[in-house]
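Every chain is numbered from 1, with letters handed out A, B, ... down the list of sequences. Note that the structure is a prediction, hence the values are computed from the model and not measured. What you see below is based on every heavy atom in this structure, not just the backbone, and it leaves out hydrogens, waters and symmetry mates.
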Number of protein chains: 2
Amino acid sequence: MSVMPQKVGYRDIKQEVFRRIRNNEWPPGTLLPGEVELAAEFGCARATVNRAMQELSDDGIIDRKRKGGSRVNLTPVRQVTFEIPLVRSEVEAKGAVYKYELLYNKSDIAPLWLQNQLSLPVHSHVQHIKCIHFADDKPYQYEDRWINQKVVPLASEFDFLKVSPNEWLISEVPYTNAEVRFSATSAEKPVADALGVGVGEPVFKAERITWLSGEPVTFVRLYFARGYEMIASY
Amino acid sequence: MSVMPQKVGYRDIKQEVFRRIRNNEWPPGTLLPGEVELAAEFGCARATVNRAMQELSDDGIIDRKRKGGSRVNLTPVRQVTFEIPLVRSEVEAKGAVYKYELLYNKSDIAPLWLQNQLSLPVHSHVQHIKCIHFADDKPYQYEDRWINQKVVPLASEFDFLKVSPNEWLISEVPYTNAEVRFSATSAEKPVADALGVGVGEPVFKAERITWLSGEPVTFVRLYFARGYEMIASY
DNA sequence: ACAAATTTTATGTCTAGACATAATATCATT
DNA sequence: AATGATATTATGTCTAGACATAAAATTTGT
(Lines give C-alpha, C1' and ligand atoms only; values in the text may rest on other atoms or scores of the structure.)
Protein backbone atom coordinates (compact mmCIF):
# COMPACT_ATOMS: atom_id res chain seq x y z
CA MET A 1 0.00 0.00 0.00
CA SER A 2 1.22 3.47 -0.74
CA VAL A 3 1.50 6.30 1.72
CA MET A 4 -1.23 8.85 1.10
CA PRO A 5 -1.09 12.54 1.82
CA GLN A 6 -2.89 13.61 4.94
CA LYS A 7 -5.73 15.09 2.96
CA VAL A 8 -6.60 13.57 -0.39
CA GLY A 9 -8.04 16.04 -2.88
CA TYR A 10 -9.54 15.37 -6.27
CA ARG A 11 -6.29 16.48 -7.88
CA ASP A 12 -4.37 13.80 -5.99
CA ILE A 13 -6.79 11.16 -7.11
CA LYS A 14 -6.80 12.35 -10.69
CA GLN A 15 -3.02 12.34 -10.74
CA GLU A 16 -2.68 8.94 -9.13
CA VAL A 17 -5.24 7.29 -11.38
CA PHE A 18 -3.58 8.85 -14.40
CA ARG A 19 -0.20 7.64 -13.18
CA ARG A 20 -1.43 4.07 -12.96
CA ILE A 21 -2.88 4.32 -16.44
CA ARG A 22 0.29 5.74 -17.90
CA ASN A 23 2.42 3.13 -16.18
CA ASN A 24 0.32 0.40 -17.67
CA GLU A 25 -0.89 -0.79 -14.31
CA TRP A 26 -4.27 -0.12 -15.86
CA PRO A 27 -3.69 -0.59 -19.60
CA PRO A 28 -6.16 0.66 -22.24
CA GLY A 29 -9.45 -1.17 -22.02
CA THR A 30 -9.19 -1.90 -18.31
CA LEU A 31 -12.37 -1.60 -16.30
CA LEU A 32 -11.47 0.65 -13.41
CA PRO A 33 -12.63 0.16 -9.83
CA GLY A 34 -15.95 1.86 -9.07
CA GLU A 35 -16.16 5.19 -7.36
CA VAL A 36 -17.13 3.67 -4.04
CA GLU A 37 -14.15 1.37 -4.14
CA LEU A 38 -11.72 4.15 -5.02
CA ALA A 39 -13.20 6.38 -2.33
CA ALA A 40 -12.49 3.63 0.16
CA GLU A 41 -8.93 3.21 -1.09
CA PHE A 42 -8.18 6.93 -0.99
CA GLY A 43 -10.10 7.52 2.21
CA CYS A 44 -12.36 10.25 0.91
CA ALA A 45 -15.94 10.86 -0.12
CA ARG A 46 -17.33 9.48 -3.34
CA ALA A 47 -18.00 12.99 -4.63
CA THR A 48 -14.29 13.68 -4.54
CA VAL A 49 -13.50 10.61 -6.59
CA ASN A 50 -16.36 11.57 -8.89
CA ARG A 51 -14.84 14.92 -9.65
CA ALA A 52 -11.47 13.39 -10.41
CA MET A 53 -12.93 10.77 -12.72
CA GLN A 54 -15.18 13.32 -14.38
CA GLU A 55 -12.17 15.39 -15.29
CA LEU A 56 -10.27 12.38 -16.59
CA SER A 57 -13.29 11.72 -18.74
CA ASP A 58 -13.34 15.32 -19.97
CA ASP A 59 -9.66 14.99 -20.79
CA GLY A 60 -10.44 11.99 -22.96
CA ILE A 61 -8.39 9.59 -20.84
CA ILE A 62 -11.20 7.38 -19.65
CA ASP A 63 -14.65 6.54 -20.86
CA ARG A 64 -17.52 6.43 -18.40
CA LYS A 65 -20.92 4.85 -18.69
CA ARG A 66 -23.66 4.63 -16.19
CA LYS A 67 -23.77 1.17 -14.77
CA GLY A 68 -21.03 0.19 -17.18
CA GLY A 69 -18.35 1.78 -15.06
CA SER A 70 -15.22 3.60 -16.15
CA ARG A 71 -12.68 2.13 -18.48
CA VAL A 72 -9.38 3.33 -19.86
CA ASN A 73 -9.84 4.68 -23.36
CA LEU A 74 -8.41 2.37 -26.03
CA THR A 75 -7.46 5.23 -28.31
CA PRO A 76 -6.95 8.25 -26.11
CA VAL A 77 -8.62 11.19 -27.80
CA ARG A 78 -5.78 13.62 -28.18
CA GLN A 79 -6.92 17.13 -28.88
CA VAL A 80 -5.15 20.44 -29.24
CA THR A 81 -6.71 23.69 -28.19
CA PHE A 82 -5.67 26.92 -29.83
CA GLU A 83 -6.51 30.26 -28.43
CA ILE A 84 -7.96 32.63 -30.97
CA PRO A 85 -6.60 35.98 -29.90
CA LEU A 86 -7.23 39.39 -31.39
CA VAL A 87 -4.58 40.17 -33.97
CA ARG A 88 -3.58 43.13 -31.83
CA SER A 89 -3.02 40.94 -28.76
CA GLU A 90 -1.18 38.36 -30.82
CA VAL A 91 1.19 41.00 -32.18
CA GLU A 92 1.69 42.71 -28.86
CA ALA A 93 2.29 39.37 -27.14
CA LYS A 94 5.30 38.98 -29.43
CA GLY A 95 6.59 42.29 -28.10
CA ALA A 96 5.96 44.12 -31.35
CA VAL A 97 4.12 47.37 -32.01
CA TYR A 98 0.72 46.85 -33.55
CA LYS A 99 -0.54 48.97 -36.41
CA TYR A 100 -3.65 48.69 -38.51
CA GLU A 101 -4.52 50.04 -41.94
CA LEU A 102 -7.82 50.05 -43.79
CA LEU A 103 -7.52 49.29 -47.50
CA TYR A 104 -11.06 48.92 -48.73
CA ASN A 105 -14.55 49.41 -47.34
CA LYS A 106 -17.67 49.14 -49.44
CA SER A 107 -21.24 48.02 -49.12
CA ASP A 108 -22.23 45.48 -51.73
CA ILE A 109 -24.54 42.67 -52.76
CA ALA A 110 -23.19 39.29 -51.70
CA PRO A 111 -21.52 37.47 -54.60
CA LEU A 112 -22.78 34.00 -55.37
CA TRP A 113 -19.94 32.09 -53.71
CA LEU A 114 -20.48 34.07 -50.51
CA GLN A 115 -24.21 33.39 -50.61
CA ASN A 116 -23.36 29.72 -50.64
CA GLN A 117 -20.72 29.93 -47.94
CA LEU A 118 -23.03 31.72 -45.55
CA SER A 119 -26.37 30.35 -46.79
CA LEU A 120 -27.55 33.88 -47.47
CA PRO A 121 -30.70 34.77 -49.41
CA VAL A 122 -30.11 36.36 -52.82
CA HIS A 123 -29.43 40.10 -52.93
CA SER A 124 -28.18 40.12 -49.34
CA HIS A 125 -26.32 43.26 -48.39
CA VAL A 126 -22.82 42.78 -47.09
CA GLN A 127 -20.04 45.08 -46.04
CA HIS A 128 -16.79 44.19 -47.76
CA ILE A 129 -13.64 45.22 -45.91
CA LYS A 130 -9.98 44.69 -46.69
CA CYS A 131 -7.31 45.68 -44.26
CA ILE A 132 -3.86 44.87 -43.07
CA HIS A 133 -2.32 44.35 -39.65
CA PHE A 134 1.30 45.26 -38.98
CA ALA A 135 3.83 44.12 -36.42
CA ASP A 136 6.63 46.67 -36.03
CA ASP A 137 5.65 48.21 -39.37
CA LYS A 138 6.07 44.88 -41.13
CA PRO A 139 2.96 43.33 -42.67
CA TYR A 140 1.68 40.61 -40.37
CA GLN A 141 -1.77 39.67 -41.55
CA TYR A 142 -3.92 40.57 -44.50
CA GLU A 143 -7.64 40.46 -43.83
CA ASP A 144 -10.43 40.15 -46.39
CA ARG A 145 -13.81 40.24 -44.72
CA TRP A 146 -17.52 40.29 -45.46
CA ILE A 147 -20.06 41.27 -42.82
CA ASN A 148 -23.73 40.37 -43.04
CA GLN A 149 -25.58 43.68 -42.76
CA LYS A 150 -28.79 41.97 -41.81
CA VAL A 151 -27.25 40.81 -38.54
CA VAL A 152 -24.89 43.75 -38.02
CA PRO A 153 -26.51 46.76 -39.71
CA LEU A 154 -24.18 49.20 -37.97
CA ALA A 155 -21.31 47.80 -40.02
CA SER A 156 -22.19 50.07 -42.93
CA GLU A 157 -21.97 53.20 -40.84
CA PHE A 158 -19.07 52.40 -38.58
CA ASP A 159 -15.76 54.08 -39.37
CA PHE A 160 -13.16 51.35 -39.68
CA LEU A 161 -10.27 53.78 -40.14
CA LYS A 162 -9.11 53.53 -36.56
CA VAL A 163 -10.64 50.34 -35.26
CA SER A 164 -10.29 47.08 -37.17
CA PRO A 165 -13.41 45.08 -38.01
CA ASN A 166 -11.87 42.30 -35.97
CA GLU A 167 -12.00 44.25 -32.73
CA TRP A 168 -15.21 46.08 -33.54
CA LEU A 169 -17.12 42.87 -34.20
CA ILE A 170 -15.97 41.29 -30.97
CA SER A 171 -17.29 44.23 -28.99
CA GLU A 172 -20.46 44.34 -31.08
CA VAL A 173 -21.29 40.66 -31.43
CA PRO A 174 -19.53 38.65 -28.76
CA TYR A 175 -20.18 34.99 -27.97
CA THR A 176 -20.58 33.71 -31.48
CA ASN A 177 -20.05 30.28 -32.94
CA ALA A 178 -17.52 29.77 -35.65
CA GLU A 179 -15.87 27.37 -38.04
CA VAL A 180 -12.24 27.81 -39.02
CA ARG A 181 -10.33 26.25 -41.88
CA PHE A 182 -6.57 26.43 -42.01
CA SER A 183 -4.62 25.72 -45.16
CA ALA A 184 -1.59 26.59 -47.20
CA THR A 185 -2.12 28.58 -50.37
CA SER A 186 -0.02 30.44 -52.86
CA ALA A 187 -0.18 34.21 -52.74
CA GLU A 188 -2.28 35.86 -55.42
CA LYS A 189 -1.31 39.34 -56.54
CA PRO A 190 -3.33 41.39 -54.01
CA VAL A 191 -2.25 39.23 -51.09
CA ALA A 192 1.36 39.14 -52.23
CA ASP A 193 1.45 42.91 -52.56
CA ALA A 194 -0.11 43.49 -49.18
CA LEU A 195 2.19 41.07 -47.38
CA GLY A 196 5.27 41.99 -49.35
CA VAL A 197 5.97 38.52 -50.66
CA GLY A 198 6.37 37.22 -54.18
CA VAL A 199 3.35 36.10 -56.18
CA GLY A 200 3.01 32.33 -55.82
CA GLU A 201 4.85 32.14 -52.50
CA PRO A 202 3.30 29.88 -49.88
CA VAL A 203 1.04 31.66 -47.42
CA PHE A 204 -0.68 30.38 -44.31
CA LYS A 205 -4.38 31.00 -44.70
CA ALA A 206 -7.27 30.90 -42.24
CA GLU A 207 -10.91 31.14 -43.26
CA ARG A 208 -13.54 31.67 -40.65
CA ILE A 209 -17.33 31.74 -40.72
CA THR A 210 -19.07 33.16 -37.69
CA TRP A 211 -22.67 32.75 -36.56
CA LEU A 212 -24.77 34.35 -33.87
CA SER A 213 -27.41 31.85 -32.79
CA GLY A 214 -27.74 30.39 -36.26
CA GLU A 215 -27.50 33.63 -38.25
CA PRO A 216 -24.33 34.09 -40.30
CA VAL A 217 -22.44 37.14 -39.08
CA THR A 218 -19.24 37.31 -41.03
CA PHE A 219 -16.89 35.48 -43.34
CA VAL A 220 -13.21 36.30 -43.22
CA ARG A 221 -10.06 35.21 -45.00
CA LEU A 222 -6.82 35.81 -43.15
CA TYR A 223 -3.43 35.58 -44.84
CA PHE A 224 -0.35 35.48 -42.65
CA ALA A 225 3.09 36.81 -43.44
CA ARG A 226 5.97 34.54 -44.34
CA GLY A 227 7.27 32.44 -41.47
CA TYR A 228 4.04 32.46 -39.51
CA GLU A 229 3.51 29.45 -37.26
CA MET A 230 0.46 28.49 -35.31
CA ILE A 231 1.66 26.83 -32.14
CA ALA A 232 -0.17 24.78 -29.55
CA SER A 233 0.61 22.37 -26.77
CA TYR A 234 -1.41 19.50 -25.42
CA MET B 1 -39.25 37.31 -11.79
CA SER B 2 -38.95 34.46 -14.22
CA VAL B 3 -40.61 31.12 -13.89
CA MET B 4 -38.05 28.49 -12.94
CA PRO B 5 -38.20 24.81 -13.73
CA GLN B 6 -39.23 22.66 -10.82
CA LYS B 7 -35.72 21.42 -10.30
CA VAL B 8 -32.84 23.72 -11.13
CA GLY B 9 -29.70 21.90 -12.24
CA TYR B 10 -26.25 23.31 -12.86
CA ARG B 11 -26.93 23.20 -16.59
CA ASP B 12 -29.95 25.44 -16.17
CA ILE B 13 -27.93 27.94 -14.20
CA LYS B 14 -25.05 27.85 -16.63
CA GLN B 15 -27.41 28.40 -19.52
CA GLU B 16 -29.33 31.20 -17.84
CA VAL B 17 -26.22 33.06 -16.74
CA PHE B 18 -24.78 32.71 -20.21
CA ARG B 19 -28.02 33.97 -21.70
CA ARG B 20 -27.89 37.10 -19.58
CA ILE B 21 -24.30 37.67 -20.58
CA ARG B 22 -24.99 37.21 -24.28
CA ASN B 23 -28.05 39.48 -24.11
CA ASN B 24 -25.95 42.20 -22.57
CA GLU B 25 -27.91 42.17 -19.35
CA TRP B 26 -24.49 41.53 -17.85
CA PRO B 27 -22.09 43.17 -20.31
CA PRO B 28 -18.34 42.41 -20.34
CA GLY B 29 -16.69 43.61 -17.17
CA THR B 30 -19.77 43.22 -15.01
CA LEU B 31 -19.20 41.89 -11.52
CA LEU B 32 -21.66 39.05 -11.21
CA PRO B 33 -23.70 38.29 -8.10
CA GLY B 34 -21.92 36.00 -5.65
CA GLU B 35 -22.63 32.31 -5.46
CA VAL B 36 -24.73 32.65 -2.35
CA GLU B 37 -26.87 35.28 -4.00
CA LEU B 38 -27.34 33.25 -7.17
CA ALA B 39 -28.13 30.16 -5.15
CA ALA B 40 -30.88 32.13 -3.43
CA GLU B 41 -32.25 33.38 -6.74
CA PHE B 42 -32.29 29.95 -8.33
CA GLY B 43 -33.41 28.19 -5.20
CA CYS B 44 -30.61 25.68 -5.06
CA ALA B 45 -27.48 24.88 -3.11
CA ARG B 46 -24.34 26.94 -3.52
CA ALA B 47 -22.44 23.90 -4.78
CA THR B 48 -24.78 23.73 -7.74
CA VAL B 49 -24.14 27.35 -8.64
CA ASN B 50 -20.46 26.72 -8.09
CA ARG B 51 -20.37 23.96 -10.66
CA ALA B 52 -22.17 26.14 -13.20
CA MET B 53 -19.83 29.08 -12.67
CA GLN B 54 -16.79 26.84 -12.67
CA GLU B 55 -17.72 25.55 -16.10
CA LEU B 56 -18.37 29.06 -17.41
CA SER B 57 -14.92 29.90 -16.17
CA ASP B 58 -13.43 26.86 -17.91
CA ASP B 59 -15.19 27.92 -21.08
CA GLY B 60 -13.49 31.29 -20.84
CA ILE B 61 -16.75 33.22 -20.49
CA ILE B 62 -16.17 34.56 -17.01
CA ASP B 63 -13.17 35.24 -14.84
CA ARG B 64 -13.20 34.17 -11.20
CA LYS B 65 -11.02 35.29 -8.37
CA ARG B 66 -11.18 34.40 -4.72
CA LYS B 67 -12.61 37.24 -2.79
CA GLY B 68 -12.72 39.22 -6.04
CA GLY B 69 -15.84 37.47 -7.26
CA SER B 70 -16.78 36.53 -10.80
CA ARG B 71 -16.86 38.96 -13.65
CA VAL B 72 -17.73 38.72 -17.30
CA ASN B 73 -14.61 38.41 -19.39
CA LEU B 74 -13.83 41.61 -21.29
CA THR B 75 -12.33 39.73 -24.21
CA PRO B 76 -13.88 36.31 -24.17
CA VAL B 77 -11.10 33.80 -24.70
CA ARG B 78 -12.24 32.02 -27.81
CA GLN B 79 -10.50 28.75 -28.34
CA VAL B 80 -10.69 26.09 -30.99
CA THR B 81 -10.07 22.47 -30.24
CA PHE B 82 -8.82 20.14 -32.92
CA GLU B 83 -8.87 16.43 -32.57
CA ILE B 84 -5.61 14.79 -33.49
CA PRO B 85 -6.65 11.59 -35.15
CA LEU B 86 -4.50 8.81 -36.51
CA VAL B 87 -3.81 9.41 -40.19
CA ARG B 88 -5.58 6.15 -40.90
CA SER B 89 -8.74 7.29 -39.09
CA GLU B 90 -8.56 10.67 -40.76
CA VAL B 91 -8.38 9.10 -44.21
CA GLU B 92 -11.04 6.51 -43.49
CA ALA B 93 -13.33 9.16 -42.04
CA LYS B 94 -13.28 10.79 -45.46
CA GLY B 95 -14.52 7.53 -46.91
CA ALA B 96 -11.24 6.77 -48.64
CA VAL B 97 -9.11 3.65 -48.57
CA TYR B 98 -6.01 4.02 -46.43
CA LYS B 99 -2.64 2.76 -47.56
CA TYR B 100 0.77 3.15 -46.01
CA GLU B 101 4.25 2.85 -47.50
CA LEU B 102 7.62 2.88 -45.79
CA LEU B 103 10.30 4.82 -47.65
CA TYR B 104 13.24 4.93 -45.28
CA ASN B 105 14.20 3.43 -41.94
CA LYS B 106 17.63 3.80 -40.43
CA SER B 107 19.22 4.12 -37.04
CA ASP B 108 21.46 7.13 -36.72
CA ILE B 109 23.11 9.66 -34.46
CA ALA B 110 20.91 12.70 -33.90
CA PRO B 111 21.98 15.62 -36.09
CA LEU B 112 22.71 18.88 -34.35
CA TRP B 113 19.44 20.60 -35.18
CA LEU B 114 17.52 17.64 -33.78
CA GLN B 115 19.63 17.65 -30.62
CA ASN B 116 18.54 21.22 -30.12
CA GLN B 117 14.89 20.64 -30.95
CA LEU B 118 14.61 17.78 -28.48
CA SER B 119 17.28 18.87 -25.98
CA LEU B 120 19.11 15.60 -26.53
CA PRO B 121 22.63 14.83 -25.27
CA VAL B 122 25.30 14.54 -27.97
CA HIS B 123 25.61 11.24 -29.81
CA SER B 124 22.04 10.30 -29.02
CA HIS B 125 20.73 7.40 -31.05
CA VAL B 126 17.61 8.03 -33.04
CA GLN B 127 15.56 6.04 -35.50
CA HIS B 128 14.93 8.00 -38.68
CA ILE B 129 11.82 7.01 -40.60
CA LYS B 130 10.27 8.40 -43.74
CA CYS B 131 6.96 7.16 -44.99
CA ILE B 132 3.91 8.15 -46.90
CA HIS B 133 0.19 7.78 -46.25
CA PHE B 134 -2.25 7.37 -49.11
CA ALA B 135 -5.95 8.02 -49.49
CA ASP B 136 -7.44 6.03 -52.35
CA ASP B 137 -3.93 5.51 -53.77
CA LYS B 138 -3.34 9.25 -53.88
CA PRO B 139 -0.58 10.65 -51.64
CA TYR B 140 -2.18 12.19 -48.58
CA GLN B 141 0.58 12.85 -46.09
CA TYR B 142 4.35 12.59 -46.15
CA GLU B 143 5.91 11.82 -42.80
CA ASP B 144 9.50 12.44 -41.76
CA ARG B 145 10.11 11.21 -38.23
CA TRP B 146 12.84 10.75 -35.65
CA ILE B 147 12.35 8.54 -32.61
CA ASN B 148 14.47 8.79 -29.50
CA GLN B 149 15.87 5.31 -28.94
CA LYS B 150 16.64 6.02 -25.35
CA VAL B 151 12.95 6.31 -24.56
CA VAL B 152 11.70 3.83 -27.16
CA PRO B 153 14.50 1.29 -27.69
CA LEU B 154 12.19 -1.13 -29.50
CA ALA B 155 11.95 1.36 -32.36
CA SER B 156 15.18 0.03 -33.87
CA GLU B 157 13.89 -3.54 -34.01
CA PHE B 158 10.29 -3.00 -34.94
CA ASP B 159 9.32 -3.72 -38.52
CA PHE B 160 7.60 -0.63 -39.87
CA LEU B 161 6.73 -2.21 -43.20
CA LYS B 162 3.17 -2.97 -42.25
CA VAL B 163 2.45 -0.66 -39.31
CA SER B 164 3.20 3.04 -39.50
CA PRO B 165 5.34 4.62 -36.76
CA ASN B 166 2.33 6.81 -36.05
CA GLU B 167 0.16 3.90 -34.96
CA TRP B 168 2.94 1.92 -33.40
CA LEU B 169 4.02 4.78 -31.16
CA ILE B 170 0.50 5.41 -29.90
CA SER B 171 0.19 1.81 -28.81
CA GLU B 172 3.70 1.81 -27.39
CA VAL B 173 3.87 5.20 -25.68
CA PRO B 174 0.40 6.53 -25.03
CA TYR B 175 -0.45 9.55 -22.89
CA THR B 176 2.34 11.81 -24.02
CA ASN B 177 2.60 15.57 -24.07
CA ALA B 178 3.19 17.37 -27.30
CA GLU B 179 3.73 20.67 -29.04
CA VAL B 180 2.52 21.20 -32.58
CA ARG B 181 3.45 23.92 -35.02
CA PHE B 182 1.43 24.47 -38.16
CA SER B 183 2.72 26.49 -41.06
CA ALA B 184 2.78 26.89 -44.81
CA THR B 185 5.97 25.97 -46.60
CA SER B 186 7.09 25.41 -50.15
CA ALA B 187 7.74 21.86 -51.21
CA GLU B 188 11.38 20.81 -51.41
CA LYS B 189 12.33 18.10 -53.89
CA PRO B 190 11.78 15.01 -51.66
CA VAL B 191 8.46 16.28 -50.36
CA ALA B 192 7.31 17.38 -53.77
CA ASP B 193 8.16 13.99 -55.27
CA ALA B 194 6.44 12.09 -52.51
CA LEU B 195 3.27 14.14 -52.66
CA GLY B 196 3.27 14.49 -56.42
CA VAL B 197 3.31 18.27 -56.53
CA GLY B 198 5.68 20.68 -58.16
CA VAL B 199 8.81 21.83 -56.38
CA GLY B 200 8.08 25.15 -54.68
CA GLU B 201 4.33 24.58 -54.45
CA PRO B 202 2.73 25.57 -51.14
CA VAL B 203 2.33 22.72 -48.69
CA PHE B 204 0.60 22.58 -45.34
CA LYS B 205 3.13 21.47 -42.75
CA ALA B 206 2.79 20.27 -39.17
CA GLU B 207 5.73 19.74 -36.84
CA ARG B 208 5.24 17.91 -33.60
CA ILE B 209 7.47 17.21 -30.64
CA THR B 210 6.29 14.60 -28.18
CA TRP B 211 7.39 13.99 -24.60
CA LEU B 212 6.74 11.27 -22.08
CA SER B 213 6.98 12.76 -18.62
CA GLY B 214 9.68 15.20 -19.63
CA GLU B 215 11.68 12.89 -21.88
CA PRO B 216 11.56 13.66 -25.60
CA VAL B 217 10.02 10.76 -27.48
CA THR B 218 9.76 11.80 -31.09
CA PHE B 219 9.95 14.65 -33.54
CA VAL B 220 7.90 14.50 -36.68
CA ARG B 221 7.32 16.65 -39.74
CA LEU B 222 4.10 16.06 -41.60
CA TYR B 223 3.47 17.43 -45.08
CA PHE B 224 -0.05 17.35 -46.44
CA ALA B 225 -1.15 16.97 -50.01
CA ARG B 226 -2.45 19.90 -52.04
CA GLY B 227 -5.86 21.12 -50.96
CA TYR B 228 -5.59 19.89 -47.38
CA GLU B 229 -7.59 21.88 -44.87
CA MET B 230 -7.57 21.60 -41.13
CA ILE B 231 -11.11 22.30 -39.97
CA ALA B 232 -12.49 23.03 -36.53
CA SER B 233 -15.60 24.51 -34.95
CA TYR B 234 -16.02 26.37 -31.72
C1' DA C 1 -35.62 -20.39 -26.66
C1' DC C 2 -37.12 -15.83 -26.89
C1' DA C 3 -39.11 -11.62 -25.35
C1' DA C 4 -40.75 -8.72 -21.76
C1' DA C 5 -40.69 -7.17 -17.11
C1' DT C 6 -37.91 -6.46 -13.01
C1' DT C 7 -33.96 -5.86 -10.21
C1' DT C 8 -29.45 -4.32 -9.57
C1' DT C 9 -25.69 -1.33 -10.00
C1' DA C 10 -22.36 2.46 -11.19
C1' DT C 11 -22.47 6.86 -12.39
C1' DG C 12 -24.94 11.60 -12.37
C1' DT C 13 -26.44 15.15 -9.68
C1' DC C 14 -28.04 17.68 -5.65
C1' DT C 15 -28.02 19.29 -0.69
C1' DA C 16 -26.60 21.45 3.61
C1' DG C 17 -23.03 22.37 6.09
C1' DA C 18 -18.07 22.90 6.99
C1' DC C 19 -13.36 24.44 6.70
C1' DA C 20 -9.55 26.31 3.54
C1' DT C 21 -7.48 29.98 1.04
C1' DA C 22 -6.40 33.97 -1.52
C1' DA C 23 -7.13 38.57 -1.98
C1' DT C 24 -9.00 42.71 -0.56
C1' DA C 25 -10.26 46.09 2.86
C1' DT C 26 -9.55 48.09 7.26
C1' DC C 27 -7.25 49.51 11.13
C1' DA C 28 -3.15 50.43 13.88
C1' DT C 29 1.68 51.86 13.99
C1' DT C 30 5.72 54.09 12.89
C1' DA D 1 2.47 58.57 3.95
C1' DA D 2 4.23 54.21 4.11
C1' DT D 3 4.14 49.79 6.62
C1' DG D 4 2.37 46.01 8.89
C1' DA D 5 -1.17 43.37 11.33
C1' DT D 6 -5.99 41.88 11.22
C1' DA D 7 -10.58 41.12 9.75
C1' DT D 8 -13.58 40.15 6.05
C1' DT D 9 -15.27 37.93 2.11
C1' DA D 10 -16.02 35.18 -2.24
C1' DT D 11 -14.51 31.31 -4.16
C1' DG D 12 -12.32 26.48 -3.64
C1' DT D 13 -12.93 22.11 -1.96
C1' DC D 14 -14.61 18.34 0.89
C1' DT D 15 -18.16 15.42 3.34
C1' DA D 16 -22.06 12.33 4.14
C1' DG D 17 -26.07 11.26 2.64
C1' DA D 18 -29.83 11.20 -0.74
C1' DC D 19 -32.38 10.44 -4.93
C1' DA D 20 -32.16 10.02 -10.19
C1' DT D 21 -31.09 7.47 -14.25
C1' DA D 22 -29.18 4.60 -17.77
C1' DA D 23 -27.83 0.23 -18.76
C1' DA D 24 -26.59 -4.34 -17.67
C1' DA D 25 -28.09 -8.58 -15.39
C1' DT D 26 -31.63 -11.42 -13.95
C1' DT D 27 -36.08 -13.21 -13.58
C1' DT D 28 -40.50 -14.16 -15.41
C1' DG D 29 -43.92 -15.21 -18.92
C1' DT D 30 -44.92 -17.31 -23.15
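When the P atom of D:dT13 is taken as reference, atom CD of B:Gln54 falls 6 Å away, rounded to whole Å. Between the CE atom of B:Met53 and the P atom of D:dT11 there is a distance of 7 Å, rounded to whole Å. Put simply, CD1 on A:Ile13 is 13 Å from P on D:dT13, counting in whole angstrom units.
B:Ser164 is linked by a side chain to side chain donor-acceptor pair (under 3.5 Å) to nothing, counting only residues two or more places apart in sequence or in another chain. Evaluation of the ring pair (Phe, Tyr, Trp, His ring centres under 6.0 Å) rule for A:Phe158 yields A:Phe160, A:Trp168 as partners, not counting sequence neighbours. Legend: residues meeting salt bridge (Lys or Arg N to Asp or Glu O under 4.0 Å) with B:Glu25, ordered by chain and number and at least two apart, are B:Arg19. Residues satisfying the salt bridge (Lys or Arg N to Asp or Glu O under 4.0 Å) criterion with A:Lys94, sequence neighbours excluded, are absent altogether. Residues that satisfy the side chain to side chain donor-acceptor pair (under 3.5 Å) test with A:Gln141, not counting sequence neighbours, are absent from this structure. Listed by chain and number, the residues in a salt bridge (Lys or Arg N to Asp or Glu O under 4.0 Å) with A:Asp137 are A:Lys99 (sequence neighbours excluded). Annotation: ring pair (Phe, Tyr, Trp, His ring centres under 6.0 Å) contacts of B:Phe219 (sequence neighbours excluded): B:Trp113. With sequence neighbours left out, the salt bridge (Lys or Arg N to Asp or Glu O under 4.0 Å) criterion links A:Glu179 to A:Arg181.
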Shorter than 3.5 Å, N or O on both sides, protein versus nucleotides 15-17 of chain D: list them out with atom names.
from: D:dT15; atom 1: OP2; to: A:Ala45; atom 2: N; distance (Å): 2.9
from: D:dT15; atom 1: OP2; to: A:Thr48; atom 2: OG1; distance (Å): 2.4

Extract from the structure each pairing of a protein N or O with an N or O of nucleotides 5-9 of chain C at less than 3.5 Å, listing the distance.
from: C:dT9; atom 1: O4'; to: A:Lys67; atom 2: NZ; distance (Å): 3.1

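Listed by first and then second residue, the salt bridge (charged side-chain N to carboxylate O under 4.0 Å, His left out) pairs that reach into residues 43-52 of chain B are B:Glu35-B:Arg46, B:Arg51-B:Glu55, sequence neighbours excluded.
B:Arg71 comes within contact range of no nucleotide atom at all, as no heavy-atom separation falls under 4.0 Å. Using a 4.0 Å heavy-atom criterion, one finds that A:Gly9 contacts the sugar-phosphate atoms exclusively.
Annotation: proximity of residues 24-34 of chain B to DNA chain D (heavy atom, distance under 4.0 Å) is found for B:Gly34, numbered in ascending order.
At C:dT13, none of the side-chain N or O atoms of A:Asn50 fall inside 4.0 Å of OP1 or OP2 (strictly under the cut-off). One finds no side-chain N or O of A:Tyr10 lying less than 4.0 angstrom from the OP1 or OP2 phosphate oxygen of D:dC14.
Between the side chains of B:Thr218 and B:Arg145, at least one donor N or O lies within less than 3.5 Å of an accepting N or O.
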